[in-house]
Trainee: 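Let me give you the structure first, and then I'll get to my questions.
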Amino acid sequence: MFSDGVELAPDAIAATAQALRAGQLVGLPTETVYGLAADADNATAVASIFEAKGRPSDHPLIVHVAAFDGGMSGVAHYAGRVPAFAQQLMSAFWPGPLTLILPRRDGVGAAAAGGQNSIGLRCPAHPVAQAVLAALRQPTAGEPVVWGVAAPSANRFGRVSPTTAQHVHSEFADRPDLLVLDGGPCEVGIESTIIDCTRGAPVLLRPGAITSEQVAAACGRSLVTPEELDAQGQAAPRASGTLESHYAPNARVRLMDAKALQQALDMLGTDVDKSPQPGKSIAVYSRAPLKTSARQIELRRMPTDPAVAAHELFSVLRELDALRVKLIWVETPPDTPAWDGVRDRLQRAAA
């Protein structure tokens, strides 16, 4: 029994570790989202991640390491250098939803890094993920130690990330043999914060549950934006989940403030009911209470707590897709650090 109340068969961790050592893919729970995991040092296994997801091979993956010694031995295997401020961030937030981009050691993790000379590393907090990573670090007769697993979100490239084991099974229904560890619903619900540590200062590449304010306070350094780097002629490395269009459901997503949402609903009136298509045609996801007389409008309330909203975001988008709505109208999240992760995912979904 793990701390989140999920019980696995006694041999589930050992079987998962064996599958990963054999170069197979595994659906792995983390506290952020479920990952599609493979041995990060097995180029063939990593290539199968890109193939399964339909992901460009130059779009880097995040490598997950075990929590032994705060993750430092895993980091030492993959990273050629760790700046002092990066060490401070590891001490403050690992295990947890923070990815650090570090200079990559020659000869390791090249496929997972998308061919870059940097690599993204994270030490996940989920007990199931850590049990698997710990098992992989234990020497086994005739089998190599696995120092880390590349594990991007377990979904087709650009689509909504999975936050339950069932989401993974649904996403890869054409791969019934895929081993998926059920670690329960993901606690955080959106991907990790990504900080680039290769430029001499912390650079925020992707917001997440750990805010920019928390990062700055932990390392005592002000964060730099990618735009500021561009102005200095320093291009930031490619990183997971930073494309303009990402995390997208099948329905088209549009962001509006609460006033614009209510005005749009008022303009629709009951005309939407004349659609020949049965069921719902538009879904609205808002913090503000809205009213409509149209029966084909699905109204959902967004939590006012940003952590709760992040936890349910991808599940809600998947549920609305299951209703086969054509449009999802979403109330734009507040422009505050606590909402940065949710706002980022929605803006990319709407791109």
Trainee: With a 4.5 Å limit on heavy-atom distance, are the side chains of Val224 and Asp196 in contact?
Mentor: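 Not in contact.
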Trainee: With the threshold set at 4.0 Å, does a side-chain nitrogen-carboxylate oxygen contact exist between Glu319 and Lys280?
Mentor: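 Lys280 and Glu319: not salt-bridged.
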Trainee: How many angstroms lie between CG in Leu102 and CD1 in Ile195, if you round to the nearest 0.5 Å?
Mentor: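 Interatomic distance, Leu102 CG to Ile195 CD1, rounded to 0.5 Å: 11.5 Å.
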Trainee: Do Pro29 and Cys186 come within less than 4.5 Å of each other through their side chains, counting heavy atoms only?
Mentor: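 A side-chain contact under 4.5 Å is absent here.
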Trainee: Would you say Pro249 and Arg318 make side-chain contact, with heavy atoms under 4.5 Å?
Mentor: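 A side-chain contact under 4.5 Å is absent here.
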Trainee: Mind running side-chain hydrogen bond (donor to acceptor under 3.5 Å, both in side chains) on Thr198 and Arg81 for me, showing each step along the way?
Mentor: CA-CA 9 Å; Thr198 68; Arg81 179 173 56 84; over 6 Å; no
Trainee: Taking it one step at a time, do Val215 and Arg221 satisfy side chain to side chain contact (heavy atoms under 4.5 Å, CB included)?
Mentor: CA-CA 8 Å; Val215 171; Arg221 303 280 296 273; over 6 Å; no
Trainee: Answer yes or no: does atom CZ of Arg254 have more than 12 heavy-atom neighbours from other residues, nucleotides or ligands under 6.0 Å?
Mentor: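 No, the 6.0 Å shell around CZ holds no more than 12 heavy atoms from other groups.
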Trainee: So do Leu181 and Ile13 actually touch side chain to side chain, heavy atoms under 4.5 Å?
Mentor: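 Yes, at least one pair of side-chain atoms sits under 4.5 Å.
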Trainee: Kindly write out the residues that satisfy side chain to side chain contact (heavy atoms under 4.5 Å, CB included) with Asp106, not counting sequence neighbours, or none if the list is empty.
Mentor: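 Per chain and number, Asp106 pairs via side chain to side chain contact (heavy atoms under 4.5 Å, CB included) with no residue.
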Trainee: Provide the full list of side chain to side chain donor-acceptor pair (under 3.5 Å) pairs with a residue in residues 37-49, sequence neighbours left out, each pair given once.
Mentor: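 Applying side chain to side chain donor-acceptor pair (under 3.5 Å) to every pair that reaches into residues 37-49, excluding sequence neighbours, yields Asp41-His77, Asp41-Tyr78.
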Trainee: How close do Lys53 and Pro152 get, counting heavy atoms only, and between which atoms?
Mentor: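 Scanning both residues completely, I find the closest heavy atoms to be CD-CG, 3.7 Å.
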Trainee: Any chance you could lay out the side chain to side chain contact (heavy atoms under 4.5 Å, CB included) test for Thr16 and Leu20, step after step, and finish with the verdict?
Mentor: CA-CA 6 Å; Thr16 302; Leu20 287 165; 4.1 Å; yes
Trainee: Establish, from distance only, whether the side-chain atoms of Gln166 and Ser170 form a donor-acceptor pair under 3.5 Å.
Mentor: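 Looking only at side-chain atoms, Ser170 and Gln166 do form a donor-acceptor pair, the distance falling under 3.5 Å.
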Trainee: Throw together a table of side-chain donor-acceptor distances under 3.5 angstrom for residues 113-122, partners on residues two or more places apart or in other chains.
Mentor:
unit_1	atom_1	unit_2	atom_2	d
Gln116	OE1	Arg238	N	2.8
Gln116	NE2	Arg238	O	3.0
Arg122	NH1	Glu31	OE2	2.6
Arg122	NH1	Gly96	O	2.9
Arg122	NH2	Thr30	OG1	3.2
Arg122	NH2	Thr32	OG1	3.3

Trainee: Taking only residues two or more places apart in sequence, or in another chain, which ones meet Phe68 in a ring pair (Phe, Tyr, Trp, His ring centres under 6.0 Å)?
Mentor: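 Ring pair (Phe, Tyr, Trp, His ring centres under 6.0 Å) check on Phe68 returns nothing, list empty.
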Trainee: So which residues get pulled into Leu36's cluster when ILVMFWY side chains under 4.5 Å apart are joined, directly or through others?
Mentor: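 Listed partners: Leu25, Tyr34, Val46, Ile49, Phe50, Leu61, Val168, Phe172, Leu178, Val180.
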Trainee: What is the distance from atom CG of Leu204 to atom OG1 of Thr211, rounded to the nearest 0.5 Å?
Mentor: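 These two atoms lie 9.5 Å from each other.
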Trainee: What pairs with Arg104 under side chain to side chain donor-acceptor pair (under 3.5 Å), at least two apart in sequence or on another chain?
Mentor: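 Expected list: none.
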Trainee: To the nearest 0.5 Å, what is the distance between CG on Asp305 and CH2 on Trp339?
Mentor: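 Reported to 0.5 Å precision, the distance equals 7.5 Å.
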Trainee: Taking only residues two or more places apart in sequence, or in another chain, which ones meet Gln262 in a side chain to side chain contact (heavy atoms under 4.5 Å, CB included)?
Mentor: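 Scan of Gln262 (side chain to side chain contact (heavy atoms under 4.5 Å, CB included), adjacent residues dropped) gives Leu265, Asp266, Leu290, Lys291.
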Trainee: Could you grab the distance from atom CG of Leu323 to atom CD1 of Ile282, nearest 0.5 Å is fine?
Mentor: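 Answer rounded to 0.5 Å: 13.0 Å.
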Trainee: Do the charged groups of Arg343 and Asp340 touch, with an N to O distance under 4.0 Å?
Mentor: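 Here Arg343 pairs with Asp340 in a salt bridge, since their nearest N and O are under 4.0 Å apart.
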Trainee: Test Val330 against every option in Met256, Arg300, Met302 by the side chain to side chain contact (heavy atoms under 4.5 Å, CB included) rule and name the one that passes.
Mentor: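 Running side chain to side chain contact (heavy atoms under 4.5 Å, CB included) over Met256, Arg300, Met302 with Val330 returns exactly one hit, Met302.
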Trainee: Apply side chain to side chain donor-acceptor pair (under 3.5 Å) to Arg324 and list each qualifying residue two or more places apart in sequence or on a separate chain.
Mentor: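 Not a single residue meets the side chain to side chain donor-acceptor pair (under 3.5 Å) criterion with Arg324.
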Trainee: Give a yes or no on this: more than 12 heavy atoms of other residues, nucleotides or ligands lie within 6.0 Å of atom CZ of Arg252.
Mentor: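 At most 12 heavy atoms, drawn from other residues, nucleotides or ligands, come within 6.0 Å of this atom.
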Trainee: Quick check: is Val82 connected to Ile194 through a chain of hydrophobic side chains (ILVMFWY, heavy atoms under 4.5 Å apart)?
Mentor: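 No: no chain of side-chain contacts under 4.5 Å links Ile194 to Val82.
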Trainee: Do Cys123 and Val65 touch side chain to side chain, with heavy atoms closer than 4.5 Å?
Mentor: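 Yes, their side chains come closer than 4.5 Å.
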Trainee: Sorted by first residue and then second, give each ring pair (Phe, Tyr, Trp, His ring centres under 6.0 Å) pair with at least one member in residues 83-104; sequence neighbours left out.
Mentor: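 Found none.
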Trainee: Distance check, rounded to the nearest 0.5 Å: Ile190 atom CD1 versus Ser161 atom OG?
Mentor: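 One finds 10.0 Å between CD1 of Ile190 and OG of Ser161.
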Trainee: Would you mind listing every ring pair (Phe, Tyr, Trp, His ring centres under 6.0 Å) that reaches into residues 281-328, with sequence neighbours excluded?
Mentor: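 For residues 281-328, and leaving out neighbouring residues, the ring pair (Phe, Tyr, Trp, His ring centres under 6.0 Å) pairs sorted by first residue read Tyr247-Phe314.
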Trainee: With sequence neighbours excluded, what pairs up with Glu331 under the side chain to side chain donor-acceptor pair (under 3.5 Å) test?
Mentor: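 Once residues adjacent in sequence are excluded, the partners of Glu331 under the side chain to side chain donor-acceptor pair (under 3.5 Å) criterion are Arg287.
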Trainee: Nearest 0.5 Å please: distance from the CG atom of Leu98 over to the CD1 atom of Ile210.
Mentor: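 Going from CG on Leu98 over to CD1 on Ile210, the span is 4.5 Å.
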Trainee: Under 6.0 Å from the CD atom of Gln18, do we count more than 12 heavy atoms belonging to anything else shown?
Mentor: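 Atom CD in Gln18 is not packed in, count stays at 12 or less.
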Trainee: With side-chain hydrogen bond (donor to acceptor under 3.5 Å, both in side chains) as the test, would you mind laying out the steps for Arg137 and Ser73 before giving the verdict?
Mentor: CA-CA 10 Å; Arg137 287 285 299 274; Ser73 57; 3.0 Å; yes
Trainee: Can you sort out the partners of Ala92 under side chain to side chain contact (heavy atoms under 4.5 Å, CB included), two or more places apart, ordered by chain and number?
Mentor: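 Ala218.
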